[in-house]
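In what follows, a single structure is set out as structure tokens and then discussed.
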Amino acid sequence: MAAHRRSAHRKPKQRPLTGSAARTAATLALAGAATAGSVTGAGAAPAEPAPTATQVRAEVDRLYHDAEVATEKYNGAKEEAATATRAVDALADEAARRTARLNTARHALGSLATAQYRSGTLDPAVQLALSSDPDAYLQRASYLDRVGDRQNGLLRGIRRQVSQITRVKARADQETERLAARRAELREHRTAIRTKLADARKLLDTLTADERAAYERAADARHGGGPSHADRSAGRAPVAAPNSRAAQAIAFAHGAIGKPYVWGATGPNAFDCSGLTQAAWKAAGVSLPRTTYTQINAGARIPRSRLAPGDLVFFYSGISHVGLYIGGGQMIHAPRPGAPVRIAPVDEMPFAGATRVA
């Protein structure tokens with residue numbers, strides 16, 4: 001009977017941690033050990049306790065939030081990289097067009113020089129003295145003056161084209177450097193996101209099945225409730241949107257309920273938080289920037305007391321999360337990895353501001 005009681009209280013085997021997840025767990029454990037040491041005083045150091053389920057849950061929440069911050073930075077760097085790519089391509093096209101015009105001018109100048117060479121180079125006074133038809137010679141000399149003017153014009157045009165091509169190539173070099181920097185940022189943010197999400201998964205794996213379920217229930221409550229909110233039909237009651245565009249954006253967001261959160265995604269099958277709001281307003285014919293910290297400046301700032309359906313609502317001091325307000329203190333948002341697009345109360349996260357798009 002005693003053996004049965006001991007086996008009933010034995011915890012499930014937990015997976016070992018590696019990498020930064022192990023460092024995180026060690027930090028939590030050291031914090032607990034320091035607290036214990038202050039109580040026991042001098043003497044043998046107590047064994048380092050494993051982080052509690054509460055500590056693990058808090059650290060997982062922090063990692064998810066940090067991953068979302070990195071995701072918005074990734075989205076911004078990706079948008080800037082796309083802009084730089086278009087600029088480099090446009091400058092390459094411009095350089096090609098100017099080079100073609102330069103080659104045409106050089107060809108014309110070469111043809112003119114060849115014709116002059118073939119016509120001889122006698123002094124004009126001698127040519128006039130020897131001419132049997134002075135009037136005809138003078139007419140030809142006037143023509144040659146015009147040819148000289150044309151030659152000078154070609155030379156000026158060539159110098160101008162060379163100067164312009166040099167400037168275009170310098171701008172292209174600058175844009176290429178900018179693009180390389182943005183691509184480096186993309187790699188850095190992508191690595192940060194993947195690392196933080198992997199660390200979160202490893203920490204969650206240290207919890208028992210019951211502790212893991214309790215964490216998921218608590219996270220669901222913070223981000224809008226359980227499975228009923230993941231149902232596409234949830235919250236389908238008519239919403240008194242202030243205008244047709246806001247109504248269209250809300251209708252799109254309702255259609256996205258239940259679709260998974262995927263960092264960097266803008267639809268149609270998955271979204272991150274700013275990807276959802278951007279796609280919703282795009283369906284209404286309004287172009288929003290890609291990131292939370294740029295979307296907040298995409299319209300008129302409004303106080304929380306004046307929220308209306310269709311407004312963008314932002315959270316956390318770093319403006320790292322956004323949702324689409326639908327009225328009644330509710331929003332539709334893409335919460336986090338593992339939590340699909342859903343309806344949630346606005347007051348479940350630290351409110352940072354709101355913007356009216358149209």
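No experiment lies behind these values; they were computed from the predicted model shown.
Residue-environment remark: CZ (R356) exceeds the threshold of 12 foreign heavy atoms within 6.0 Å.
Here Q295 contributes atom CD and W281 contributes atom CH2; the two are 11.5 Å apart, rounded to the nearest 0.5 Å. In this structure, CD1 in I326 is found 4.5 Å from CD1 in I332, a value given to the nearest 0.5 Å. Note that CZ of R171 is 12.0 Å distant from OG1 of T176, once rounded to the nearest 0.5 Å. Note that NE2 of H189 and CZ of R194 are 14.0 Å apart. Values are rounded to the nearest 0.5 Å. A distance of 11.0 Å separates CG of L204 from CD of E59, quoted to the nearest 0.5 Å. Between the CG atom in N75 and the CD atom in Q278 there is a gap of 8.5 Å [rounded to 0.5 Å].
Between A256 and F271, the shortest heavy-atom distance links the atoms CB-CE1, 3.7 Å. Pairing each heavy atom of A200 with each of L63, the nearest pair is N-CD1, 3.6 Å. Q55 and T52 get closest at one heavy-atom pair: OE1-N, 2.9 Å. The two residues L307 and A354 have their closest heavy-atom pair at CD2-CB, 3.5 Å. The minimum heavy-atom distance linking C273 with S320 is given by the pair SG-O, 4.0 Å. The heavy-atom pair separating P242 from P309 by the smallest distance is CD-O, 3.1 Å.
The hydrophobic clustering, which links ILVMFWY residues whose side-chain heavy atoms are closer than 4.5 Å, places V357 and I319 together. Put simply, V60 and L207 are part of the same group of oily side chains (I, L, V, M, F, W, Y) that touch within less than 4.5 Å, one to the next. When the side chains of ILVMFWY residues are joined at heavy-atom separations under 4.5 Å, either directly or via intervening members, V69 and V262 end up in two distinct hydrophobic clusters.
Side-chain contact check for E72 and S274: at least one donor-acceptor pair (N or O, by modelled atom type) lies under 3.5 Å. A donor atom on one side chain and an acceptor atom on the other are not found under 3.5 Å apart for S163 and R160.
The side chain to side chain contact (heavy atoms under 4.5 Å, CB included) check on A67 picks up K196, L197, with sequence neighbours excluded.
Formation of a donor-acceptor pair under 3.5 Å by the T206 side chain with backbone atoms of L203 is found in this model. Not a single donor-acceptor pair under 3.5 Å links the side chain of T355 to the backbone N or O of G299. When atom types are taken as modelled, the side chain of R98 and the backbone of T166 share no donor-acceptor pair closer than 3.5 angstrom. Side-chain atoms of N297 never come within 3.5 Å of backbone atoms of T294 as a donor-acceptor pair (strictly under, hydrogens ignored). Formation of a donor-acceptor pair under 3.5 Å by the E211 side chain with backbone atoms of T208 is found in this model. Listed for the K78 side chain is no donor-acceptor partner under 3.5 Å among the backbone atoms of L186.
Under a 4.0 Å N-O distance rule, the pair R178/E185 does not qualify as a salt bridge. At a threshold of 4.0 Å, the pair R97-E94 does not count as salt-bridged, since none of the basic side-chain nitrogens sits closer than that to a carboxylate oxygen. A salt bridge between R290 and D272 is present, with a side-chain N of the basic residue lying under 4.0 Å from a carboxylate O of the acidic one. Taking 4.0 Å as the cut-off between side-chain N and carboxylate O, R212 and E216 count as a salt-bridged pair. The pair R182-E80 meets the salt-bridge criterion, since a charged nitrogen lies less than 4.0 angstrom from a carboxylate oxygen.
Between H321 and H333, the ring planes are perpendicular. Angles over 60° get that label, and only those under 30° would be called parallel. The aromatic rings of F351 and F315 lie perpendicular to each other, with more than 60° between the two planes, well past the 30° mark.
The side chain to side chain donor-acceptor pair (under 3.5 Å) test with Y215 is passed by exactly one of D61, T54, D210: D61.
The shortest side-chain heavy-atom distance between R190 and W263 falls under the 4.5 Å cut-off. Side-chain atoms of L312 and I296, non-hydrogen and from C-beta on, never get closer than 4.5 Å to each other. Counting only heavy atoms from C-beta outward, the side chains of L324 and L276 never approach each other to under 4.5 Å. Side-chain contact between P345 and Q330 is present, with heavy atoms from C-beta onward closer than 4.5 Å. You'll find the side chain of V346 reaches within 4.5 Å of the side chain of R304, heavy atoms only. Looking at Q248 and V286, their side chains never come closer than 4.5 Å, going by heavy atoms from C-beta outward.
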Take R62 and D66 through the salt bridge (Lys or Arg N to Asp or Glu O under 4.0 Å) test and state the conclusion after the steps.
CA-CA 6 Å; R62 186 189 68 80; D66 289 351; 2.6 Å; yes
